[in-house]
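First listed ligand is number 1; within each ligand, the first listed atom is number 1. Note that the structure is a prediction, hence the values are computed from the model and not measured.
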Amino acid sequence: MHAASGGVGHIAVQLARYLGAEVTGTSSAVNRDFVLSLGADKHIDYKDYNWAGQQKEYDFVLDTVGGNNIDNSIAVTKTGGTIISIPTGISNEASSKFKQAGVNGYFILVKSSGGDLSHIANLIEQQSIIPFVSQTYSFEEIAKAHTQIEAAKTVGKIVVTL
Ligand SMILES: NC(=O)c1ccc[n+]([C@@H]2O[C@H](COP(=O)([O-])OP(=O)(O)OC[C@H]3O[C@@H](n4cnc5c(N)ncnc54)[C@H](OP(=O)(O)O)[C@@H]3O)[C@@H](O)[C@H]2O)c1
């Protein structure tokens, strides 16, 4: 799980652990302990990691970063494995890299689903997933909230109250 300390990543780590997966999460060193506290088995500091020099050891990679991170993800994904990249669509260039590496690469756009949300709400109620809110903003501070998210440094989620 890339950006395992972020809004999507910190839930994805917990969901994957809940489903029984062995999970590695990436973030910078400053968020290492947070990522491990979510249940990740292993942490990678993306600022200090030689992706190209690694074994192809992962069955599945959730790429929440995009750009060059698609190359990093391909470098560690097993042949026949799957990469889901969510920041933008998959470019033609990325698509041919996936093909060349023999991995499945997809872009998925979230779809609102009451059924899924209700299932996740149950997991939260039973504390199988614990959302982490690092900061709360009033509605009047919504510009600050946007600036916070744009910094790509948020730990967990932020909330704007109405
Ligand atoms: N397709 C969809 O339906 C969908 C749905 C939701 C979100 N998204 C997209 O998914 C992306 C992630 O969203 P988010 O809300 O989870 O982001 P976020 O909360 O802003 O992510 C911030 C976290 O990312 C970490 N980070 C930054 N650069 C990193 C890198 N190169 N490698 C690993 N970790 C890194 C930071 O940790 P450090 O400070 O330690 O670096 C920080 O904790 C966004 O582009 C968003 O638009 C797509």
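With rounding to the nearest 0.5 angstrom, the NZ atom of Lys144 is 15.0 Å from the CD1 atom of Ile149. With values rounded to the nearest 0.5 angstrom, Asp63 atom CG is found 11.5 Å from Phe107 atom CZ.
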Distances only, to 0.1 Å: what are the N or O pairs between ligand 1 and the protein that fall under 3.5 Å?
residue, atom, partner, partner atom, Å
ligand 1, 1 (N), Ile86, O, 3.0
ligand 1, 1 (N), Ile108, O, 2.8
ligand 1, 3 (O), Val110, N, 2.6
ligand 1, 16 (O), Gly7, N, 3.2
ligand 1, 16 (O), Val8, N, 2.8
ligand 1, 19 (O), Gly7, N, 2.8
ligand 1, 34 (N), Ala3, N, 3.4
ligand 1, 37 (O), Ser5, OG, 3.2
ligand 1, 39 (O), Asn31, ND2, 3.4
ligand 1, 39 (O), Lys153, NZ, 3.1
ligand 1, 40 (O), Ser28, N, 2.9
ligand 1, 40 (O), Ser28, OG, 2.5
ligand 1, 40 (O), Asn31, ND2, 2.8
ligand 1, 41 (O), Tyr46, OH, 2.4
ligand 1, 41 (O), Lys153, NZ, 3.1
ligand 1, 43 (O), Ser5, OG, 2.7
ligand 1, 43 (O), Thr154, O, 2.7

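In Asn50, the CG atom is crowded: over 12 heavy atoms of neighbouring residues, nucleotides or ligands sit closer than 6.0 Å. In this structure, Gln126 places its CD atom where more than 12 heavy-atom neighbours from other residues, nucleotides or ligands lie under 6.0 Å away.
Looking at heavy atoms from C-beta onward, Ile84 lies in side-chain contact with Phe60 at the 4.5 angstrom threshold.
Listed by first then second residue, pairs satisfying salt bridge (Lys or Arg N to Asp or Glu O under 4.0 Å) with a partner in residues 88-112 read Asp71-Lys97, Glu93-Lys97, not counting sequence neighbours.
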